[in-house]
Amino acid sequence: MKYPFQEVESSWQKFWEDNKIHKTDLTNLEKKLYCLVMFIYPSAAKMHIGHWYNYGPTDSWARFKKLKGFNVFEPMGYDAFGLPAENYAIKTGVHPHDSTLKNITDIREMMKQMGGMYDWDAELMTCAPEYYRWNQWLFLQLYKKGLAYRKNAPVNWCPSCQTVLANEQVLNDGNCERCGSTVIQKNLTQWFFKITNYVDELLDGLDKIDWPEKTKLMQKNWIGKSIGSEVEFAIEGHDEKITVFTTRPDTLFGVTYVVLAPEKELVQRITKPEFKDVVDQYIDSVKSFSEIERTSTVKEKTGVPTGAYAVNPVNGERVPVWIADYALATYGTGCVMAVPGHDERDFEFAKKFNLPIRKVILKPGTELGDELKEAYTEIGTMINSGKYDGIESDKGIEKIIKDLEAQKLGRGKINYRLRDWLISRQRYWGTPIPIIYCDQCGEVPVPEENLPVVLPYDVAFKPDGGSPLASNKEFVEAKCPKCGGHAHRDVDTMDTFVDSSWYYLRYMNPNFSNGMFDSELANNWTPVDMYVGGAEHAVMHLLYARFVHKFLRDIGMVNSDEPFQRLIHQGTITAQGSKMSKSRGNVVDPNSFMENYGADVFRMYLMFMGPYELGGDWSDKGIVGVDRFVQRAYTMFESNKNIALEFPAKDKYSLAEFNEAEKSVYRKVNQTILKVDVEIENFRFNTAVAALMELSNEMKNLSECRKDLVSYTLERFAVMIAPLAPHLGEECWKLLGNETSLFRRPVWFNADEKALRVDAMTIVVQINGKVRSKIELPVDVSEAEVKAAVFADEKVKSYTDGKEVVKEIYVPNKIYTIVIK
RNA sequence: GCCCGGAUGGCGGAAUUGGUAGACGCGCUAGCUUCAGGAGCUAGUUGUCGCAAGGCAGUGCAGGUUCGAGUCCUGUUCCGGGCACCA
């Protein structure tokens, strides 16, 4: 009989739902396990292959843990705010609220059809006022501590999305992370979260979490800690000073010029009149370049002199002050001391503009007089450096800093690449920023008791770069909370990454109304034990969430330092080698597979395709193999109905009571238990499925086995298949004669270690590194006996006769190597 | 340019970490079954030489270490990812 997956799957889904099988008792903390998968972005009504690949295997892992006796909490929710819904509204006129809610309804249905073990009582969506009011509350707490602030700054502007972006949301080719358009720079007054206050902790915390090394490295690079010092250069004829940041104060004697970022205001004040025209022209030309064009390493450096001179604090030497595009206003002090002899960029620049190059660090093994053909950037002996001559340069760094500090001309300084998190967005579909601007009092936070500031339904969606909220008068006009006078609301909304930085804390009670989340539950259930999601969030979501978690800890809301203890990234499923997207027209629709094979086969096939963390190119070629496997398994159970009732299995058997076929089956069952256990535990689903297929092949011999061993085997098979194919697992378990659901009363079998011991072993005989013979011997016979058997072997003899045996190596129960001459 | 991954049959991929390369699955071939199509079952399937027994070659490429290398070392090519004037 063909496996009736439609009936089986829908009947189990109904059973799970009617009986709330997947509801987690959050008061039971014994063996608690929080398995979290990144919540879904409901920009379309359909779940695509990528969603399935993310959610199916993760759910299988959670189910595996559940069967192993863990009290698993696996929630699902909706990252419901965001641009796509709004862009869709501009295109079609369907309001984001309406399309999003519709999509959520459809997606929820599909999640259930997939067979997800989600606790639907814990469902949440970020676009609900009951949720986003706590984004606003969080904003106010940050504001109170001075960690939410407004400043005018050059920001990334996406002309297509019509909004600003955080640094993390700009790809390194200068394009928008979301839509791929080229991002430009604009000066705007925007809200920032001061993530930089936590920079050291964000860095150090990486050592304490079990995340992929690659991801931790990406965060580390993004934070970009750089230990160095600030050194002050006097400006000839001015009271002001130029403060430079350098990691190499040991090269100070090699400074031959100083470079300022063109946009530094100081440039205007120090430029000599006769250089003014050239300098202004240059500043204009730099502005026409995008940040990315400007910082491209392949572009040749440009620059002009200002006519001003700076004075080197270590030797009083006067050096010209230049402005150049390779000095960045946004990093360090925006001023660089140029040491062409020992810095590649300065070397290139000096060569181009014929500026002097001075050698002050001697490369080990070279002579004082040797010409510098390229910048030497390593450690060496200090030369041409006055009283520091002869000192190793790493020691020299400390010495010079100490001396400069004594003269108040320098100090140790640590710089970071990480900037504060820009959270304002000039878009509608997000959380309103809870700030009111009063004509009298200025910037006033909305009092907590007035939250939420509800996002109004009626606005004009027009992609003109202004915030759509500005079009709703009723929303904009407000009374000042302080003086009651005329005021207006902030019309921007928050970056949706704010929503996702703390959702995992609210899942435990999404209806909690006395606060952002129930702290007691959060403390009991977080950090999240297992977090699964795409590697594209390595810096962005995963960094923001760590920051918010630490802030919430500091205001007493949670008691842990890190939100996600263990992290796994699923790989990407591509189609014809490229990422699936509507514009490419290569999107594969999971529904046809659902209809033809069912959810179990489809999710198991996704797991079988290859290593989970690697992803791969989609092909439906192999899905029939998984389907055949499921069909065979079902037939096996179908033809052995109620066998566990009629022939109950023992917990353990002794090999002595078995015939050869039985021994072999019994051994295979137990080997498989061991294998499946460790493979699923480590997200290696492909090999877990393969192991079960091997067992299924072995089960062809069950006809030669006693009935209670058939029960024994089928029981274990049903339990092992259940995490991977939950509906099938339940159905098989029921066919055996069990009354209750596996996931209502979890079962997991341990392997009988004794069964794993084989009594015969194939010893491979290698002669000069080549396999020449195989000998069957009982396990654990002495080396002498093995040797005797090996040399009695005809094939071995034919190779060794008349030759001198030089060496013999025996690897017990495995291999016997002979070296002959 | 720098830093990580990776490269194994016609295809997706296994390989207890130095010990029988190719598990498992797809595809393909043959046989059985079927009116037929499909499906199912059984056997085979790295290449090559051979009637066969068996031999030889074989994990991107070139070397090396070792009794023994897909696995370790050196160099190199290609592919994927990340970073990229951060002083």
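What you are looking at is a predicted structure, and each value in this text was computed from that prediction instead of being measured.
Nearest to the side chain of A:Glu694, among B:A23, B:C26, B:G81, sits B:A23. Residue A:Val771 has its side chain nearest to B:A21 when only B:A14, B:A21, B:C24 are considered. In this structure, the nucleotide among B:G40, B:G54, B:A87 sitting nearest to the side chain of A:Thr246 is B:A87. Proximity note for A:Lys770 (side chain, C-beta onward) versus B:U20, B:C26, B:A57: the nearest is B:A57. The side chain of A:Ile815 approaches B:G19 more closely than any other nucleotide in the set B:C85, B:G19, B:G27. Candidate nucleotides B:A87, B:G81, B:A14 were compared by shortest atom distance to the side chain of A:Lys214, and B:G81 ranks first. Nearest nucleotide to the side chain of A:Thr687, out of B:A14, B:A87, B:G27: B:A14. The side chain of A:Tyr799 has B:G55 as its nearest neighbour among B:C41, B:A87, B:G55. Residue A:Lys700 places its side chain closer to B:U42 than to any other of B:G19, B:G25, B:U42. Listed nucleotides B:C24, B:A14, B:U20 differ in distance to A:Phe608; the shortest reach to its side chain belongs to B:C24.
B:C61 sits 29 Å from B:A52 when the P atoms are compared, rounded to a whole Å. Rounded to the nearest Å, the gap between the P atom of B:G70 and that of B:G22 is 12 Å. For the C1' atoms, the distance from B:U59 to B:U46 is 11 Å, rounded to whole Å. Nucleotides B:G18 and B:C73 have their C1' atoms positioned 13 Å apart, rounded to a whole Å. One C1' atom belongs to B:G60, the other to B:U77, and the distance between them is 8 Å to the nearest Å. B:G5 and B:G12: their P atoms are spaced 23 Å apart (whole Å). Nucleotides B:G64 and B:A69, compared at atom P, are 12 Å apart to the nearest Å. Remark: the separation of the C1' atoms in B:G13 and B:G27 is 14 Å, to the nearest Å.
Within the 3.5 Å criterion, the main-chain N or O of A:Ile820 finds no donor-acceptor partner in the side chain of A:Glu804. Here the side chain of A:Asp420 pairs a donor or acceptor atom with the backbone of A:Thr196 at under 3.5 angstrom. Remark: the backbone N or O of A:Val678 is paired with a side-chain donor or acceptor of A:Asn682 at under 3.5 angstrom.
If you check B:C51 for Watson-Crick or wobble pairing at under 3.5 angstrom, you find it has no partner at all. Searching all strands for a Watson-Crick or G-U wobble partner of B:A23 with both distances below 3.5 Å returns nothing. The partner of B:U71 is absent, by the rule that a Watson-Crick or G-U pair needs both atom distances under 3.5 Å. Across all strands shown, nothing is found opposite B:G18 as a Watson-Crick or G-U wobble partner with both distances under 3.5 Å. B:C78 is paired with B:G6 under the Watson-Crick or G-U wobble criterion, all donor-acceptor distances under 3.5 Å. Base pairing of B:A57: its partner is B:U46, meeting the Watson-Crick or G-U wobble criterion (both donor-acceptor distances under 3.5 Å). The partner of B:A39 is absent, by the rule that a Watson-Crick or G-U pair needs both atom distances under 3.5 Å. Nucleotide B:U66 has no partner under the Watson-Crick or G-U criteria, as no pair reaches both atom distances under 3.5 Å.
Nearest-nucleotide mapping onto RNA chain B: of A:Asn415 and A:Val539, the residue sitting toward the 5' end is A:Val539. Residue whose closest nucleotide on RNA chain B sits further toward the 5' end, between A:Leu614 and A:Thr762: A:Leu614.
A:Glu613 has its CD atom 14 Å from the P atom of B:G5, to the nearest Å. Computed from coordinates, the A:Met607 CE to B:C24 P distance equals 20 Å when rounded to whole Å. Taking atom NZ of residue A:Lys621 and atom C1' of nucleotide B:C26, one finds them 9 Å apart after rounding to whole Å. What separates CE of A:Met693 from P of B:A23 is a distance of 14 Å, to the nearest Å. Protein atom CD1 of A:Ile623 is 16 Å distant from nucleotide atom C1' of B:C11, rounded to whole Å. Rounded to an integer number of Å, the gap from CE of A:Met218 to C1' of B:G81 is 8 Å. Remark: P of B:A87 and CD1 of A:Ile227 are 11 Å apart, rounded to the nearest angstrom. A:Met540 has its CE atom 13 Å from the C1' atom of B:G82, to the nearest Å.
Remark: A:His342 NE2 to A:Phe347 CZ distance equals 10.5 Å, nearest 0.5 Å. To the nearest 0.5 angstrom, A:Leu422 atom CG is 8.0 Å from A:Asn156 atom CG.
Using a 4.0 Å heavy-atom distance criterion, A:Asn686 is classed as a sugar-phosphate-only contact. Across all strands, A:Arg772 comes closer than 4.0 Å only to sugar-phosphate atoms, never to a base (heavy-atom distances). A:Gln766 comes within contact range of at least one nucleobase, with a heavy-atom separation under 4.0 Å. Residue A:Val764 is classed as a base contact, given a heavy-atom separation below 4.0 Å to a base. Across all strands shown, A:Lys814 has heavy atoms under 4.0 Å from base atoms, whether or not it also approaches the sugar-phosphate. Backbone-only engagement by A:Val624 is indicated by non-hydrogen atom pairs under 4.0 Å involving sugar-phosphate atoms exclusively. Here A:Asp617 lies out of heavy-atom contact (under 4.0 Å) with every strand.
No side-chain heavy atom of A:Leu567 sits under 4.5 Å from any side-chain heavy atom of A:Asp210.
Between B:A23 and A:Asn697, no contact under 4.0 Å exists linking OP1 or OP2 to a side-chain N or O. The side chain of A:Arg684 contributes no N or O atom lying less than 4.0 Å from OP1 or OP2 of B:A14. The side chain of A:Tyr326 places no N or O atom within less than 4.0 Å of a non-bridging phosphate oxygen (OP1 or OP2) of B:A87. The side chain of A:Arg628 contributes an N or O atom lying less than 4.0 Å from OP1 or OP2 of B:C26.
For a distance-only test at 3.5 Å, the side chain of A:Thr817 qualifies as a donor-acceptor partner of the base of B:G19.
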**Item:** Worked check of side chain to side chain contact (heavy atoms under 4.5 Å, CB included) between A:Glu753 and A:Leu674
**Value:** CA-CA 9 Å; A:Glu753 303 277 344; A:Leu674 223 59; 4.2 Å; yes
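Base orientation of B:G82: anti, the glycosidic angle falling outside 90° of 0. Annotated as syn: B:U17, whose O4'-C1'-N torsion sits within 90° of 0.
No salt bridge links A:Lys754 with A:Asp752; every basic N to acidic carboxylate O contact stays at or beyond 4.0 Å.
The number of heavy-atom neighbours closer than 6.0 Å to CD of A:Glu344, taken from other residues, nucleotides and ligands shown, is 12 or below.
At least one test fails for A:Lys225 against the ring of A:Tyr416: distance under 6.0 Å to the centre or angle within 45° of the axis.
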